Amino acid sequence: MPTIQFFPTFPERPTNPARTNIQTGDIEINAARWTQLTPEEREFVLQHEIGHYKGQTFDEVRADRYALRQLALKKPYSLINYLNAVSNISYGDPLRVMAAQRDTLEIAAAQGSREAKQLLKQYAAADGKETEPQPNNTWKWTLVLLGVVSVCTFLFGKLNK
């Protein structure tokens, strides 16, 4: 059974909050960094590390996606919290942030959000260009939209129980 062990710090990577042995599933936590995380970021980190083990991968985006599948729409603001966690934990790594934005928009679109569907169309159009889409205010509106969708979905689920 995998274990979780806390270390005072990771001297070789002090900003890394956790790491996983993908052979055993054992997770090591960098206590110095861990204390700086919000509860939502901690939950993301744990699920992300489990994703490395279950997916047998070192790929950060694949581990992020595993965490998203575990967290999405289970609590209010789960999509926004996921986006914030990916951005903060990865220090804004553009590949991880862009993948997280698209993945959360796909969930919102599947929940019926017309705005999310429109933003996905914009991303698809931008993908046809030779350059990556540049960040703009769409990111802020995506967060607002996903917050509304998260709350509505959570409340709708509670009403139908």
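The structure displayed is predicted, hence computed values, not measured ones. For reference, positions follow the sequence shown, starting with 1.
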Asks: Looking only at heavy atoms, what is the nearest atom pair of Pro2 and Gly25, with distance?
Replies: CB-O, 3.3 Å

Asks: Using modelled atom types only, decide if a donor and an acceptor are shared between the side chain of Asp26 and the backbone of Thr3 within a distance under 3.5 Å.
Replies: yes

Asks: Donor-acceptor pair, Thr104 side chain versus Ala100 backbone, under 3.5 Å?
Replies: yes

Asks: Which atom pair, heavy atoms only, marks the closest approach of Pro17 to Leu37?
Replies: CB-CD1, 3.9 Å

Asks: If you draw the axis of the six-membered ring of Phe10, does the NZ or CZ of Arg33 fall within 45° of it and under 6.0 Å from the ring centre?
Replies: no

Asks: Is a donor on one side and an acceptor on the other found under 3.5 Å between the side chain of Ser90 and the backbone of Val86?
Replies: yes

Asks: Quick check: closest heavy atoms across Asn16 and Asn30, and the distance to 0.1 Å?
Replies: O-ND2, 3.0 Å

Asks: Is Arg62 reaching over with its side chain to a backbone N or O of His52, donor-acceptor style, under 3.5 angstrom?
Replies: no

Asks: Between Asn84 and Ile80, is there a side-chain heavy-atom distance shorter than 4.5 Å?
Replies: yes

Asks: Please determine whether side chain to side chain contact (heavy atoms under 4.5 Å, CB included) holds for the pair Met98 and Tyr123, giving the CA-CA distance in whole Å, both sets of side-chain angles, and the decisive distance to 0.1 Å.
Replies: CA-CA 10 Å; Met98 192 70 117; Tyr123 276 130; 3.8 Å; yes

Asks: Carefully, step by step, assess Gln5 and Ile27 under the rule side chain to side chain contact (heavy atoms under 4.5 Å, CB included).
Replies: CA-CA 6 Å; Gln5 187 174 5; Ile27 298 173; over 6 Å; no

Asks: For the backbone of Gln70 and the side chain of Lys74, can you confirm whether one donor and one acceptor N or O come within less than 3.5 Å of each other?
Replies: yes

Asks: With rounding to the nearest 0.5 Å, note down the distance linking OG in Ser113 to CG in Leu79.
Replies: 10.5 Å

Asks: Do NZ/NE/NH1/NH2 and the carboxylate oxygens of Glu12 and Arg19 come within less than 4.0 Å?
Replies: yes

Asks: Mind checking the CD1-CD1 spacing from Ile50 to Ile22? Nearest 0.5 Å is all I need.
Replies: 14.5 Å

Asks: Any side-chain to backbone donor/acceptor pair from Ser78 onto Leu73? Under 3.5 Å, distance only.
Replies: yes

Asks: Using a strict 4.0 Å threshold on nitrogen-to-oxygen distance, state whether Lys75 and Glu43 make a salt bridge.
Replies: yes

Asks: Taking side chain as C-beta onward, heavy atoms only, is Phe7 less than 4.5 Å from Ile29?
Replies: no

Asks: Begin with the C-alpha distance, continue with both residues' side-chain angles, and end with the deciding distance and a verdict on side chain to side chain contact (heavy atoms under 4.5 Å, CB included) for Tyr66 and His48.
Replies: CA-CA 6 Å; Tyr66 175 86; His48 171 94; over 6 Å; no

Asks: Roughly how far, to the nearest 0.5 Å, is the CG atom of Leu46 from the OG1 atom of Thr20?
Replies: 9.0 Å

Asks: Take atom CZ in Phe58; do more than 12 heavy atoms of anything else shown fall under 6.0 Å from it?
Replies: no

Asks: Calculate, to the nearest 0.5 Å, the distance between atoms CD and CG belonging to Gln101 and Leu120 respectively.
Replies: 10.5 Å

Asks: Would you compute the distance between atom CG of Asn81 and atom CG of Leu71 and round it to the nearest 0.5 angstrom?
Replies: 9.0 Å

Asks: Are a donor atom and an acceptor atom from the side chains of Gln23 and Tyr53 found within less than 3.5 Å of each other?
Replies: no

Asks: Do you know which two heavy atoms are closest between Ser87 and Val97, and how far apart they sit?
Replies: CA-CG2, 3.9 Å

Asks: Any side-chain heavy atom of Val45 within less than 4.5 Å of one from Ile89?
Replies: yes

Asks: First locate atom CG of Asp64, then atom CG of Asp93, and finally report the distance between them rounded to the nearest 0.5 Å.
Replies: 9.0 Å

Asks: Quick one: does Gln36's side chain get under 4.5 Å of Glu41's, heavy atoms only?
Replies: no

